[in-house]
Amino acid sequence: MSETEALFETQGVSRVYRSGRGAQIEALHDVSLTIPRGAFVVLRGPSGSGKTTLLALLAALDHPTKGTVRFDGQDLQRASEAERSRIRRRLGIVFQQARMLRGLPLWENVTYPLIPQGVGGPERAEIATKLLEGVGIVGRQRARPEELSGGELQRVGIARALAAQPEAVLADEPTSDLDPESAEAVIALLKGIHAAGRTVVAASHDPLLQELATHTFRLRAGRLQI
Amino acid sequence: MRKLVAIARTGVAAVLLHPLRSAATVACLVAVLLPWLAGAGVAQGLLDQVEMSIEGGADLYVAGTRFGRPAPVPLDALQTIRGIAGVRDVFPRIVGEIALGKEQLSAVVVGVPAERLPSATEIVEGRLFRPGARLELVMGTELARRLGVGVESRLPPFYRNPAGEHVSTVVGLFQADLPIWEANLVFCSLDSAAEIFDQNGLATSLLVRCEPGYLHAVQTTLSRLPSLGERDARGALKPVVTSREDVRALLPRNLRHLTAIFNLHFVLVFAVGIPLLMVTSGVGLSERRREAALLKATGWMTDEVLLRGMVESFVLCLLGATLSVLLAYAWLGPLNGKGITGVFLPGAEISPGFRAPFRLTPVPALLTFVISFAVVATGTLYSTWRAATAAPALALR
């Protein structure tokens, strides 16, 4: 694995949203950046600066209005919907709010991404136990998301992001809604993920997370600040 | 294959994952399908009864017409018909409508020889009228209940003829459950019926049974008779011969008409119900949208998300259809078709006083399932497809 090999690359990316009244909001404007494989990238910027939008574009969750987004050399704009899904399988996404399937036990939630890959129930349960233990949730595989605190849920979200053994983890404000103790636990997990050789891209204001960054990109009003 | 089974399982689990959404969809399905299924069951049951009545009847029914209108048949025609080759048996019957009791309940008097009563008629109390006995009546239990009479009850005069007014006696009650067409019947001897209607020496029709293989020949001969009985001062009485097959074609016509109207109404209900069901299937549309987006974001493909939705629809419609069939059985069985029998049997009360006939055949049950699936799958898959084809980032907002 080469540190200089680009895993993510954007060129002149803009994203414009249209409101219901026809107004146009430019969330990103002409953003070009390169994220090397194995990097720990922190996207910084005030609320509304376009961090989440950029993360969604990198994760193939959205399409840019203009410009190119590449993952491992593949142009996401030209990729079919199935190809984009296959790319997402190579990525782990941690949402700002953990976004679990309510009513499903944690072990199911964590390994739901593995179902379309044909991984059987017993194997998934085993993987989930390991992943949940890895994020400090022990003996609660059968608990429901509704029974967990925000910090615990965020750690479960990280476990889910790791379920498919992704090449990169993209985390959107992973510590913003957490108490300091929980935030520290989540940061430690991200640090561990990076230490294991994975690329981490996190959108965050958290100075503790900033300390781990190998690369930092600042956004303001949708523009990348050099 | 293993992957498909695993995805299908998540579809089944999704039913339990959203109990409110699932319950609302199943409830809507049952509300739309249950009355239709019950109606189809009653209609089929009535058709079976018609068939049973026809099978138990004669091979040929001979009536007379004058000026193209029905006219009574003189009993001396019996001799002529008995002489036709291939006729095994012929007997007269008088059928006429009367009104009984203070409420003037409509009943049908059938005058036949006692040995010619329909085989399904089971005397449950009292006895049959004696051959040749006058003014001895046997009526259905339900009619007797409505009139408030029993065996040995005397009915005040309900007809008038030159011989005066007469009191009639109920000598027996028969079970009016099967076939239900006999529910309002009053059986009596031919002589009694002739006296009630003041038509001595006449019958409304003659019932003919033929030797095997002679039906067509007898029918042709009867149709060609210049007159039923001796030609009298009023001229000839033209025969009208109706075969069992003709009856089979004619008798259920009204029922089929009612069934068609009933089905038409349900087409309209479906037309209204389908959008309703689609809305219901989309209950928690935003929830479904977020769920589909979450699955897409974690690497599920659009067709995998759709397969999950389709299995969920399949389970929901299976539940809806099964519940509809079970409830239809309960409605038509223990609840005796309360409220639905009257749709097909004019005059039947909301809570029928007789055992309402029904038969649920596989076809409506299968149709119920197919319609359920079509409706639910359309509702579910459309909303899932929309969510699954949108950019996950937008759907997750």
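Numbered from 1 within each chain, the chains take letters A, B, ... in sequence-line order. Computed from a predicted model, the values in this text were never measured in an experiment. Note that these values count all heavy atoms, side chains included, but never hydrogens, waters or copies made by symmetry.
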- For the residue pair B:Leu295 and A:Tyr112, establish whether any side-chain heavy-atom pair is separated by less than 4.5 Å. yes
- Heavy atoms only, distances under 4.5 angstrom: which of A:Ala60, A:Gly120, A:Gly92 has the most pairs with chain B? Name it, please. A:Gly120
- Contact leader toward chain B among A:Arg90, A:Arg86, A:Arg99, where contacts are heavy-atom pairs under 4.5 Å: A:Arg99
- Sidechain N-carboxylate O distance under 4.0 Å for A:Arg102, B:Glu291: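 B:Glu291 and A:Arg102: not salt-bridged.
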For the [atom1] atom of [X] and the [atom2] atom of [Y], what is their distance to the nearest 0.5 Å?
X        : Y        : atom1 : atom2 : result
A:Arg160 : B:Thr298 : CZ    : OG1   : 6.5 Å
B:Arg290 : A:Leu101 : CZ    : CG    : 11.0 Å
A:Ile93  : B:Leu294 : CD1   : CG    : 9.5 Å

- Message: Please output the residues of residues 51-58 of chain A in contact with chain B, using a heavy-atom cutoff of under 4.5 Å, in numerical order.
- Response: A:Ala56
- Sort by residue number and list every member of residues 302-316 of chain B having a non-hydrogen atom under 4.5 Å from chain A. B:Thr302, B:Glu304, B:Arg308
- Task: Pull out the residues in residues 318-325 of chain B that come under 4.5 Å of chain A, heavy atom to heavy atom, sorted by number.
- Result: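 Within residues 318-325 of chain B, near chain A: nothing under 4.5 Å.
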- Task: Under 4.5 Å heavy-atom distance to chain A, tell me which part of B:Thr10 shows up: side chain, backbone, both or neither.
- Result: both
- Item | Shortest non-hydrogen separation from A:Asp62 to B:Ala393 and the atoms involved |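 Closest heavy-atom pair between A:Asp62 and B:Ala393: CB-CB, 3.8 Å.
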- Item | Shortest non-hydrogen contact from A:Pro113 toward B:Trp300 |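 Heavy atoms of A:Pro113 and B:Trp300 come nearest at CA-NE1, 4.0 Å.
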- Message: Tell me whether A:Glu83 at atom CD has more than 12 heavy atoms from other residues, nucleotides or ligands lying less than 6.0 Å away.
- Response: yes
- Could you pull out all residues at least two apart from A:Gln141 that satisfy side-chain hydrogen bond (donor to acceptor under 3.5 Å, both in side chains)?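 A:Gln141 satisfies side-chain hydrogen bond (donor to acceptor under 3.5 Å, both in side chains) with A:Thr129 only.
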- Would you sort out whether B:Met301 and A:Arg89 count as a side chain to side chain contact (heavy atoms under 4.5 Å, CB included), showing the intermediate values? CA-CA 10 Å; B:Met301 296 200 184; A:Arg89 286 180 186 178; 3.8 Å; yes
- Message: Report which part of A:Ala82 has an atom under 4.5 Å of a heavy atom belonging to chain B: side chain, backbone, both, or neither.
- Response: both
- Query: What part of A:Arg144 lies closer than 4.5 angstrom to a heavy atom of chain B: side chain, backbone, both or neither?
  - Reply: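 Nothing of A:Arg144, per the 4.5 Å heavy-atom cut-off to chain B.
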- Message: Among B:Thr389, B:Ile7, B:Leu4, which residue has the highest count of heavy-atom pairs closer than 4.5 Å to chain A?
- Response: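 Option with the top pair count is B:Ile7.
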- Message: Main chain of B:Lys296, side chain of A:Arg88: is a donor-acceptor contact present, judged purely on distance under 3.5 Å?
- Response: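 Checking the backbone N and O of B:Lys296 against the side chain of A:Arg88, a donor-acceptor pair under 3.5 Å is found.
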